[in-house]
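Residues take their numbers from the sequence shown, with the count starting at 1.
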Amino acid sequence: MGDPTGPLPSPQKSLWKWFLDALGAYQFVLTFLFMGLSCSLLAIFLLFTPLWSLSVLYGLWLAVDWDTPLRGGRSSKWVKNWIIWEHLRDYYPIKLVKTAELPPDRNYVMGAHPHGIMCTGTACNFATESTGFSRCFPGLHASVATLASLFRLPVYRDYIMALGLCPVSRQSLDFLLSQGQPGQAVVILVGGAQESLDAMPGEHRLTLRKRKGFVRLALRHGASLVPVYSFGENDSFRLKRFAAGSWQHVAQKAFKDLLGFSPCIFWGRSLLFPRVWGLLPLPAPITTVVGRPIPVPRRCQPTEAEVDHYHQLYMHALQQLFEEHKASCGVPASVQLTLD
């Protein structure tokens with residue numbers, strides 16, 4: 001399965017600081033993988049205990065609050081500023097790089113690449129304030145779009161809404177970009193679950209050429225397109241890649257089509273034993289670079305020619321962004337960005 005060790009803790013950090021940072025990274029992984037399922041099972045379990053009323057009351061609240069994710073959610077500045085996100089940031093470390101002004105007098109559709117295993121760079125930079133998104137882009141409100149099914153999971157839905165996440169559905173995104181007050185920045189992981197299967201360390205392969213829905217969204221609302229690339233996103237875990245056409249690969253694609261995400265075999269290192277495989281990510285630096293905005297006209301019913309035109313402009317801008325910043329982010333000059 002390859003080398004499980006990866007980078008060791010930085011000698012520049014004290015052991016206590018490294019441990020706190022590792023806990024920050026570890027909690028993100030455990031939350032990403034298990035919080036939704038755990039909260040759902042707990043709600044069911046409580047129905048068969050003397051605390052059954054808690055599940056019933058929450059179920060009533062859920063029925064009343066069901067459509068909130070589709071109407072902008074319920075973001076919390078307090079949750080976004082938890083100190084644990086600073087430890088998550090420092091573990092890798094994660095940085096946010098601004099290349100151009102994004103005036104808050106208009107809306108934006110940001111395409112975030114690559115998806116990676118857990119979208120760590122996107123989550124840290126746009127769903128929390130640990131890297132200073134509001135200071136870099138004053139007046140903008142970022143909403144990270146994710147699977148709509150996650151907002152059906154009890155408690156977990158409230159947690160991710162507090163971080164500013166929203167369903168990646170037309171109704172939800174149209175609502176955000178139709179607000180009378182500008183300054184909305186919708187962040188979409190364009191490659192989605194399919195791209196997570198290509199999250200190999202050192203590789204830069206994106207699923208993009210046939211993904212045009214985000215361009216149609218931008219055209220419908222006249223929102224500027226912004227390419228975003230997270231260098232190092234694919235380096236935090238090792239991934240087992242199955243050959244195309246193998247039964248494992250076919251099963252992954254079928255699972256993705258059915259549930260919206262791809263099960264994959266990945267590993268990092270152990271929290272306590274660096275030479276042992278585990279779920280703690282490898283501390284590989286992640287640098288998220290926000291590119292220049294591409295002005296887009298408003299078209300209530302954009303034609304395919306218009307969609308293709310702005311999609312081509314976007315792909316060109318993304319490749320240019322990659323070339324301009326790959327050297328400073330430790331990517332060899334010979335490495336090219338591949339768009340599938």
Side-chain angles (χ1 to χ4, degrees), residues 92-100 102 108-126 131 144-145 168 185-218 224-239 241-242 244 249 256 262 264 266 281-282 284-296 307-340:
Y92 289 88
I94 298 173
K95 294 193 301 182
L96 179 65
V97 175
K98 173 183 178 180
T99 64
L102 299 182
Y108 301 90
V109 173
M110 294 181 166
H113 315 270
H115 184 284
I117 299 294
M118 297 186 186
C119 330
T120 308
T122 299
C124 189
N125 284 301
F126 300 110
T131 56
V144 179
V168 62
V186 173
V187 183
I188 301 176
L189 289 144
V190 179
Q194 178 62 42
E195 205 168 81
S196 66
L197 300 179
D198 293 319
M200 298 291 291
E203 290 194 13
H204 299 272
R205 180 181 296 274
L206 305 182
T207 302
L208 179 58
R209 291 195 180 277
K210 296 182 180 180
R211 301 291 174 97
K212 301 179 182 180
F214 72 106
V215 179
R216 291 190 181 89
L217 174 70
S224 296
L225 287 166
V226 181
V228 178
Y229 197 87
S230 292
F231 293 89
E233 180 69 54
N234 289 344
D235 298 333
S236 55
F237 288 103
R238 302 293 183 256
L239 175 71
R241 177 185 283 171
F242 298 107
H249 189 259
K256 176 186 71 69
S262 300
C264 51
F266 64 91
L282 306 175
I286 299 175
T287 301
T288 299
V289 184
V290 180
R292 304 174 187 87
I294 303 169
V296 174
V307 172
D308 289 342
H309 173 70
Y310 285 98
H311 188 254
Q312 287 294 327
L313 288 180
Y314 179 86
M315 289 196 296
H316 176 74
L318 180 61
Q319 289 179 313
Q320 185 177 15
L321 181 73
F322 180 85
E323 291 298 321
E324 289 176 354
H325 294 273
K326 67 181 183 181
S328 62
C329 295
V331 178
S334 59
V335 174
Q336 302 294 314
L337 180 64
T338 302
L339 305 182
D340 292 337

Check: After noting the C-alpha distance and the side-chain angles of Val109 and Val296, does the key distance pass the side chain to side chain contact (heavy atoms under 4.5 Å, CB included) rule?
Finding: CA-CA 10 Å; Val109 173; Val296 174; over 6 Å; no

Margin query: Quick check for you: to the nearest 0.5 Å, what is the distance between Ser236 atom OG and Asn234 atom CG?
Written below: 7.5 Å

Item checked: Spatial distance of atom OH (Tyr92) from atom CG (Leu282) [nearest 0.5 Å] -> 8.5 Å

Next item on the list: Using the test side-chain contact (heavy atoms from CB on, under 4.5 Å), find all partners of Pro201 that sit at least two apart in sequence or belong to another chain.
Entry: Asp235, Arg238

Margin query: Between Phe322 and His204 (judged by ring centroids, cut-off 6.0 Å), do the two rings come close enough to count as a pair?
Written below: yes

Next item on the list: Look at the side chain of Lys212 and the backbone N and O of Val307, then say whether any donor-acceptor pair between them is shorter than 3.5 Å.
Entry: no

Check: For Gly291 and Val226, which heavy atoms make the closest approach, and how far apart are they?
Finding: O-CG1, 3.5 Å

Margin query: For a 4.5 angstrom cut-off between non-hydrogen side-chain atoms, does Lys326 reach Gln336?
Written below: yes

Margin query: For Thr287, give me all partners under side-chain contact (heavy atoms from CB on, under 4.5 Å), at least two apart in sequence or on another chain.
Written below: Lys95, Val97, Val289, Cys329

Check: Do Met315 and Gln312 have side-chain heavy atoms sitting under 4.5 Å apart?
Finding: yes

Check: Which heavy atom in Ile286 sits nearest to a heavy atom in Gly121, and how many Å separate them?
Finding: CG2-CA, 3.9 Å

Notebook entry, point to check: Can you tell me how far the CG atom of Asn125 sits from the CD1 atom of Ile94, to the nearest 0.5 Å?
Noted result: 6.5 Å

Item checked: Option among Met110, Glu195, Arg211 that satisfies the side-chain contact (heavy atoms from CB on, under 4.5 Å) test with Val190 -> Arg211

Checklist line | Whether His115 side chain and Ala199 backbone form a donor-acceptor pair below 3.5 Å | finding: no

Notebook entry, point to check: Taking all atoms of both residues into account, what is the closest heavy-atom pair of Ala145 and Val168, and its distance?
Noted result: CB-CB, 3.7 Å

Next item on the list: Look up atom OH in Tyr108 and atom CD1 in Ile294, then write down how far apart they are to the nearest 0.5 Å.
Entry: 12.5 Å

Notebook entry, point to check: Does the Lys98 side chain pair with the main chain of Val290, one donor and one acceptor, at a distance under 3.5 Å?
Noted result: no

Margin query: Quick check: do Leu318 and Leu206 have side-chain heavy atoms less than 4.5 Å from each other?
Written below: yes

Next item on the list: Quick one: pull up CG in Leu208 and CG in Leu337 and give me the separation to the nearest 0.5 Å.
Entry: 8.5 Å

Notebook entry, point to check: Would you say the side chain of Thr99 lies within less than 4.5 Å of the side chain of His325, judging by non-hydrogen atoms?
Noted result: yes

Check: Once you round to the nearest 0.5 Å, how far does OG1 of Thr207 lie from CG of Leu189?
Finding: 12.0 Å

Next item on the list: Considering non-hydrogen atoms only, spot the tightest contact between Ser224 and Pro293 and give its length.
Entry: CB-CB, 4.1 Å

Next item on the list: Kindly assign one of parallel, tilted or perpendicular to the pair Tyr314 and Phe214, based on the angle between their ring planes and the thresholds 30° and 60°.
Entry: perpendicular

Note to self: For the backbone of Thr120 and the side chain of Glu233, can you confirm whether one donor and one acceptor N or O come within less than 3.5 Å of each other?
What the structure shows: yes

Note to self: Does Thr288 form a side chain to side chain contact (heavy atoms under 4.5 Å, CB included) with Val228? I'd like the steps, not just the answer.
What the structure shows: CA-CA 7 Å; Thr288 299; Val228 178; 3.5 Å; yes

Next item on the list: Could you pull out the closest heavy-atom pair between Pro227 and Leu321, with the gap in Å?
Entry: O-CD2, 3.7 Å

